[in-house]
A.B. asks: 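Dropping a structure here in structure tokens format, bear with me for questions.
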Amino acid sequence: MPELPDVENFRRFFDRTVLGRKIKDVNVSQTRLLKGLSPNQLKKTLGGKKFIRTERIGKYLLASLGKDEWLAFHFGMTGSFSFESKVDGQKNDYERVGFYFQDGSHLGYLNKRMLGQIFLAGPPDEFRSKKELGPDALELDYSLFRELLGRKSGSIKSMLMDQRVISGIGNVYSDEILFQSGLHPNHRVEDLDEKQKRKLYAKMRSVLEIAIKKQADPGSLPENWLLRHRKKNQGCPGCAGKVHKISVGGRSGYYCEKCQK
DNA sequence: TCATTTGTTTCATG
DNA sequence: ACATGAAACAAATG
């Protein structure tokens, strides 16, 4: 499920595969994913241009076409990219939008469940304010983090997942961050003391950074992470307790009743 | 058939 | 008015 670490890896993948290649054609097989413009408008806008550089804001990937034109990608829960240096044979069944380059290479935007979005956007700063996104989870420093927490109330898990407060964290990684911080998902933000806030911030950083390094591949993540045991009644990797499941903000959260208070 | 999965949006409640 | 919480929505799976 593409959260910050996944999207950061998509960004790096995009950088090393398609940057600088001239776009020849765009094939949209699922108009639904295109927001605010038609397939023809997209083709017209991109044709003959190149993606110059990328930026990531939270779970969004922005690719610059030069000037103030950017193409924005959101991956929903099943989105990803594929790339082939030359088009041969059949394409992936779940390719919803295909970008074809002059040199014969091809980038596929895949999305099994079609909950993603592709649309044109302005520069990153404008984009951020339009979408009302909070600072990226890896961009903010501790003093800002503390300030943001100070303005909030309610369950800590909901707050971590609120993209208007901090952008980039979703259901899975919020569980992991809370597990490593020893905090119960329903722990109230207003009840956190200074020490807990510091730990939470440190764990937020380290969990996301390590996950990025491991290509956000669950199988490559440390065995002692909750993520590897994120299932009801599994044994907790930190103690003899069991993993519990609860609903927080409409999402299924997993936690260890013993380790997390 | 329907509960479950996700992030985001929308509506209701406090 | 505001913020928090709950429900709805998209699509597909088992």
Side-chain angles (χ1 to χ4, degrees), chain A residues 1-11 28-37 56-62 72-81 92-97 108-119 121 127-138 147-178 183-192 204 207-208 211 216-218 226-234 243-255:
Chain A
M1 306 115 247
E3 302 182 25
L4 188 152
D6 311 85
V7 178
E8 178 59 21
N9 276 284
F10 295 157
R11 191 187 73 75
V28 179
S29 42
Q30 273 297 337
T31 317
R32 176 191 303 280
L33 294 164
L34 222 50
K35 304 291 168 180
L37 77 168
R56 182 188 54 71
I57 304 177
K59 302 171 191 173
Y60 288 92
L61 173 62
L62 296 177
F73 297 88
H74 193 283
F75 298 89
M77 80 189 225
T78 53
S80 63
F81 285 134
N92 189 299
D93 283 349
Y94 300 116
E95 175 174 315
R96 309 304 187 187
V97 179
Y109 170 83
L110 317 181
N111 210 322
K112 201 175 192 177
R113 298 198 182 180
M114 303 209 282
L115 296 180
Q117 299 185 351
I118 297 178
F119 53 95
F127 176 83
R128 177 186 277 119
S129 58
K130 256 192 185 157
K131 287 276 170 189
E132 298 183 75
L133 293 173
D136 187 87
L138 286 178
E147 194 191 317
L148 291 170
L149 260 62
R151 291 195 224 132
K152 292 283 160 189
S153 66
S155 82
I156 180 64
K157 180 171 168 64
S158 301
M159 200 226 72
L160 285 175
M161 292 193 298
D162 188 340
Q163 305 300 299
R164 287 164 304 182
V165 181
I166 300 170
S167 58
I169 301 170
N171 196 23
V172 173
Y173 284 99
S174 65
D175 276 355
E176 188 63 46
I177 292 163
L178 291 170
L183 293 169
H184 190 286
N186 272 330
H187 197 107
R188 298 191 68 81
V189 177
E190 61 270 38
D191 293 339
L192 290 170
M204 177 181 79
V207 163
L208 295 174
D217 167 30
L226 178 70
L227 225 144
R228 301 287 302 271
H229 312 265
R230 207 170 162 279
K231 235 180 183 179
K232 200 178 171 185
N233 289 330
Q234 289 258 309
V243 174
H244 286 72
K245 180 183 179 182
I246 48 162
S247 179
V248 182
R251 295 285 100 97
S252 313
Y254 295 84
Y255 70 103

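Per chain, numbering begins at 1; letters A, B, ... match sequence-line order.
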A.B. asks: With sequence neighbours left out, what residues match A/R113 under salt bridge (Lys or Arg N to Asp or Glu O under 4.0 Å)?
C.D. replies: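 For A/R113, no residue satisfies salt bridge (Lys or Arg N to Asp or Glu O under 4.0 Å) once neighbours in sequence are set aside.
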A.B. asks: I'd like a table of donor-acceptor pairs (distance under 3.5 Å, sequence neighbours excluded) in which one partner is a side-chain atom from residues 164-172 of chain A, with atom names and distances.
C.D. replies:
{"unit_1": "A/R164", "atom_1": "NE", "unit_2": "A/D162", "atom_2": "OD1", "d": "3.3"}
{"unit_1": "A/S167", "atom_1": "OG", "unit_2": "A/G134", "atom_2": "O", "d": "3.0"}
{"unit_1": "A/N171", "atom_1": "OD1", "unit_2": "A/K157", "atom_2": "NZ", "d": "2.5"}
{"unit_1": "A/N171", "atom_1": "ND2", "unit_2": "A/S252", "atom_2": "O", "d": "3.0"}

A.B. asks: Looking at DNA chain B, which of residues 73-80 of chain A put a heavy atom within less than 4.0 Å of it?
C.D. replies: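 Heavy-atom cutoff 4.0 Å gives A/H74, A/M77.
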A.B. asks: Whenever both distances are under 3.5 Å in a Watson-Crick or G-U wobble pair, mark it; put DNA chain B into dot-bracket that way, with [ ] for crossing pairs and | when the partner is on another strand.
C.D. replies: .|||||||||||||
A.B. asks: Within this structure, what is the CG-to-P distance between A/D162 and C/dG5, rounded to whole angstrom?
C.D. replies: 10 Å
A.B. asks: If you take any heavy atom closer than 4.0 Å to DNA chain B, which residues from residues 243-253 of chain A end up in contact?
C.D. replies: A/K245, A/R251, A/S252
A.B. asks: Quickly work out the A/E132 CD to C/dC2 C1' distance and round it to whole Å.
C.D. replies: 14 Å
A.B. asks: Mind checking salt bridge (Lys or Arg N to Asp or Glu O under 4.0 Å) for A/K231 and listing every partner two or more places apart, or none if nothing turns up?
C.D. replies: none
A.B. asks: Look at all strands and tell whether A/S158 reaches a base, only sugar-phosphate, or nothing, counting heavy atoms closer than 4.0 Å.
C.D. replies: nothing
A.B. asks: Using the closest heavy atom to pick a nucleotide of DNA chain C for each, name whichever of A/K112 or A/S153 lands nearer the 5' end.
C.D. replies: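 The residue closer to the strand's 5' end, by nearest nucleotide, is A/S153.
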A.B. asks: For A/L148 and C/dT4, give me the distance from atom CG to atom P, rounded to whole Å.
C.D. replies: 12 Å
A.B. asks: Tell me, please, which residues at least two apart from A/R128 pass salt bridge (Lys or Arg N to Asp or Glu O under 4.0 Å).
C.D. replies: A/D125
A.B. asks: Report all interatomic pairs (protein N or O, nucleotide N or O of nucleotides 11-14 of chain B) with separations under 3.5 Å.
C.D. replies:
none

A.B. asks: Considering only side-chain heavy atoms of A/K152, which listed nucleotide, C/dT4, B/dG7, C/dA12, is closest?
C.D. replies: C/dT4
A.B. asks: Taking ring pair (Phe, Tyr, Trp, His ring centres under 6.0 Å) as the test, write out the residues that go with A/Y254, two or more places apart.
C.D. replies: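 With neighbours one apart ignored, the set is empty.
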A.B. asks: Using whole Å, what does the distance between atom P of nucleotide B/dG7 and atom CG of A/L4 come to?
C.D. replies: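 Result: 12 Å.
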A.B. asks: Over how many whole Å does the gap from A/M161 atom CE to C/dG5 atom P extend?
C.D. replies: 11 Å
A.B. asks: What's the CD-P distance between A/E190 and C/dA3, to the nearest Å?
C.D. replies: 14 Å
A.B. asks: Output all residues satisfying salt bridge (Lys or Arg N to Asp or Glu O under 4.0 Å) with A/K59, sequence neighbours left out; order by chain, then residue number.
C.D. replies: none
A.B. asks: For A/Y60, what residues pass the side-chain hydrogen bond (donor to acceptor under 3.5 Å, both in side chains) criterion, not counting sequence neighbours?
C.D. replies: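 With neighbours one apart ignored, the set is empty.
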A.B. asks: Between P on B/dG7 and CG on A/D175, what's the gap in Å once rounded to a whole number?
C.D. replies: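 Rounded to the whole Å, the gap is 10 Å.
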A.B. asks: Using a heavy-atom cut-off of under 4.0 Å over every strand shown, decide if A/R164 touches base, sugar-phosphate, or nothing.
C.D. replies: nothing
A.B. asks: So, is A/K59 near the phosphate of B/dG7, with a side-chain N or O under 4.0 Å from OP1 or OP2?
C.D. replies: yes
A.B. asks: Would you please confirm or rule out a distance under 4.0 Å between OP1 or OP2 of B/dT6 and any side-chain N or O of A/Y173?
C.D. replies: no
A.B. asks: List the residues meeting side-chain hydrogen bond (donor to acceptor under 3.5 Å, both in side chains) with A/H187, not counting sequence neighbours, and say none if there are none.
C.D. replies: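 A/H187 satisfies side-chain hydrogen bond (donor to acceptor under 3.5 Å, both in side chains) with no other residue.
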A.B. asks: Measure the distance from OH on A/Y60 to P on B/dG7 and round it to the nearest whole Å.
C.D. replies: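 A/Y60 atom OH is separated from B/dG7 atom P by 12 Å.
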A.B. asks: State which of B/dT8, B/dT6, C/dA12 makes the closest approach to the side chain of A/R230.
C.D. replies: B/dT6
